[in-house]
Amino acid sequence: MSTKDRVLSGIQPTHDSFHLGNYLGAVKQWVELQDSHDAFYCVVDLHALTTSPDPTKFRKQTLASVAQLIALGLDPEQCTLFIQSHVPAHNQLAWVMECLAGFGEASRMTQFKDKSAKSGADRTVVGLFTYPMLMAADILLYQAHQVPVGEDQRQHIELTRDLAQRFNTTYKEIFTIPSGYILKAGAKIYDLQDPTSKMSKSAESPNGIIDLMDAPEINTKKIKSAVTDTEREVKFDEKNKAGISNLLTIYGALTNKSIAESEKDFEGKGYGDFKTGVAEVVVEFFRPIRAKALELLEDPTHLNKILKIGAEKAGAVAEKTLKDTYDAMGIIPRA
Ligand code: ATP
Ligand code: LTN
């Protein structure tokens with residue numbers, strides 16, 4: 001067995017493309033952690049069912065998500081990459097978590113409160129309410145030490161810790177208590193058109209979102225039309241120059257330069273030159289990744305083979321945890 005710490009994370013296959021925020025806020029860390037950790041990464045298709053996806057699109061988006069993760073640098077030889085629904089233990093442990101969680105504590109989850117407030121009770125599915133218990137199962141099945149996610153997932157990780165501790169004291173010490181691996185502010189990427197809101201698919205307009213599967217011309221155009229300010233200096237100042245600061249964050253993160261170094265690259269230059277520079281970096285960064293993802297999608301048999309191996313590796317770990325959990329609770333195993 002590996003002596004490395006374990007990490008687990010998941011991403012929903014809800015769109016045709018991941019965006020720059022998903023990459024810089026989450027997947028970039030996944031790629032880095034696969035070297036130093038025993039890493040499990042899953043495309044959480046069951047979570048995405050809460051959005052009632054169209055079946056034909058959903059099938060495509062799930063495979064496209066896998067292709068993008070590999071193209072972005074996940075190496076299936078080095079990490080365990082799988083689709084959540086391929087390991088039924090996720091649903092099984094989720095039920096156990098639902099029987100441990102209080103109705104009150106589940107009702108306090110802000111993601112549920114926000115999303116259900118937007119759609120109204122009659123149009124909110126129960127799966128959105130039980131979503132955090134399925135996420136806890138995802139994490140606890142693998143005895144993960146760390147969970148790399150964006151800031152918005154902190155409360156779900158806290159709930160997972162509480163449920164694990166509750167189980168361990170009520171029944172038996174089965175679960176590792178996980179910690180969030182959450183980036184500091186600054187790694188949060190904002191909408192190019194509204195640099196005070198996070199870059200998000202749920203935004204009203206697509207103009208402020210950089211999708212990695214979009215054609216280079218589209219992304220260049222979006223960056224060149226990014227909102228800035230009436231000054232002239234390329235300087236990081238989140239409060240007064242949110243647009244420029246966001247572009248500097250993006251430029252620095254993709255070139256591995258500090259903010260000071262990034263500012264220096266554009267000293268004495270105007271906003272036009274700055275945007276051209278950022279657009280070049282973004283487009284050149286994503287060009288080979290998009291090509292690689294498209295190439296992978298031409299051979300679904302190969303992708304399915306990778307996913308089969310992933311599901312087998314994940315399943316072995318998950319089934320052991322599920323068995324120990326059932327045993328500790330007094331469930332009789334099938335003869
Ligand atoms: P969106 O709301 O844009 O559809 P999301 O948060 O719903 O994005 P998820 O699949 O839920 O997308 O999240 C994938 C990962 O990307 C999460 O860990 C999330 O924290 C991170 N993430 C999403 N948007 C950003 C952003 N703008 N900046 C940094 N991280 C982000
Ligand atoms: N809720 C997460 C996606 C997610 C996840 C997980 C992340 C589902 N299961 C397990 C980490 C670990 C999100 O919306 N980003």
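Counting starts at 1 for both ligands and their atoms, following the listed order.
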- Task: State the atoms of ligand 2, each with its element, that fall below the 4.0 Å cut-off from a heavy-atom position in Val147.
- Result: 11 (C), 12 (C)

- Item | Atoms of ligand 2, numbered as shown, that sit under 4.0 Å from any heavy atom of Leu8 | 10 (C), 12 (C)

- Message: Which of the numbered atoms in ligand 2 are under 4.0 angstrom from any heavy atom belonging to Gln12?
- Response: 14 (O)

- Message: Return the CD to NZ distance between Glu263 and Lys269, rounded to the nearest 0.5 Å.
- Response: 14.0 Å

- Item | Test item: Val147 and Gln153 side chains (from C-beta on) under 4.5 Å apart, heavy atoms | no

- Message: Checking contacts here: is it the side chain or the backbone of Gln153 that comes within 4.0 Å of ligand 2, counting heavy atoms only? Could be both or neither.
- Response: side chain

- Message: Heavy atoms only: which of Asn22, Ile11, Ile189, Leu20 lies closest to atom 27 (N) of ligand 1?
- Response: Ile189

- Item | Any side-chain donor near an acceptor of the partner, Asp191 and Ser197, under 3.5 Å | no

- Which ligand 2 atoms does Asp138 reach within 4.0 Å, using its non-hydrogen atoms? 6 (C), 8 (C), 9 (N), 10 (C)

- Among Gln111, Met135, Gln84, which one has a heavy atom closest to atom 6 (C) of ligand 2? Met135

- Query: What orientation do Phe266 and Tyr251 show, parallel under 30°, tilted 30 to 60°, or perpendicular over 60°?
  - Reply: perpendicular

- Are any of the N or O atoms of Gly150 closer than 3.5 Å to those of ligand 1? yes

- Salt bridge Glu105-Arg108, side-chain N to carboxylate O under 4.0 Å: no

- Item | Contact partition for Asp152 relative to ligand 1, non-hydrogen atoms under 4.0 Å | side chain

- Closest to atom 3 (C) of ligand 2 by heavy-atom distance, out of Gly150, Ala137, Gly10, is Gly10

- Message: If we set the cut-off at 4.0 Å for heavy atoms, which region of Leu134 has an atom near ligand 2: side chain, backbone, both, or neither?
- Response: neither

- Task: Give the atoms of ligand 2, by number and element, whose distance to some non-hydrogen atom of Val44 is under 4.0 Å.
- Result: 8 (C), 9 (N)

- Between Leu296 and His302 the two heavy atoms that sit nearest each other are CD2-CD2, 4.2 Å

- Query: Atoms of ligand 2 less than 4.0 Å from His47 heavy atoms?
  - Reply: 8 (C), 9 (N)

- Task: State, with a plain yes or no, whether a side-chain heavy atom of Val44 is found less than 4.5 Å away from one of Ile11.
- Result: no

- Query: How far apart are the C-alpha atoms of Arg287 and Glu284, what are their side-chain angles, what is the distance that settles it, and do they pass the salt bridge (charged side-chain N to carboxylate O under 4.0 Å, His left out) test?
  - Reply: CA-CA 5 Å; Arg287 191 189 297 280; Glu284 290 317 315; 2.9 Å; yes

- Heavy-atom proximity to atom 31 (C) of ligand 1, best of Gly10, Ser65, Gly21: Gly21

- Give a yes or no on whether a salt bridge exists between Asp214 and Arg290, defined as a side-chain N under 4.0 angstrom from a carboxylate O. no

- Task: Check each of Lys201, Lys198, Gln153 against atom 5 (P) of ligand 1 and report the one with the nearest heavy atom.
- Result: Lys198

- With no hydrogens and no angle check, do the side chains of Gln84 and Asp138 hold a donor and an acceptor under 3.5 Å apart? yes

- Message: I need the nearest protein heavy-atom contact for atom 1 (N) of ligand 2: residue, atom name and distance, please.
- Response: Tyr131 OH, 2.7 Å

- Message: With a heavy-atom distance limit of 4.0 Å, tell me whether Ile139 approaches ligand 2 through its side chain, its backbone, both, or neither.
- Response: side chain

- Considering the heavy atoms of Ser9, write down every atom of ligand 2 situated less than 4.0 Å from one of them. 7 (C), 11 (C), 12 (C)

- Parallel, tilted or perpendicular: ring planes of His90 versus Tyr142, cut at 30 and 60 degrees: tilted

- Could you label the plane-to-plane angle of the Phe82 and Phe40 rings as parallel, tilted or perpendicular, counting under 30° as parallel and over 60° as perpendicular? perpendicular

- Message: As an exercise, identify every atom of ligand 1 less than 4.0 angstrom from a heavy atom of Met199.
- Response: 3 (O), 24 (N), 26 (C), 27 (N)

- Task: Decide whether an N or O pair under 3.5 Å exists between His15 and ligand 1.
- Result: no

- Message: List ligand 2 atoms under 4.0 Å from Val149, heavy atoms only on the residue side.
- Response: 7 (C), 11 (C)

- Between atom CG of Leu212 and atom CG of Asn22, what is the distance when rounded to the nearest 0.5 Å? 8.5 Å

- Task: Of the side chain and backbone of Ala26, name the one, both, or neither that has a heavy atom under 4.0 Å from an atom of ligand 1.
- Result: side chain

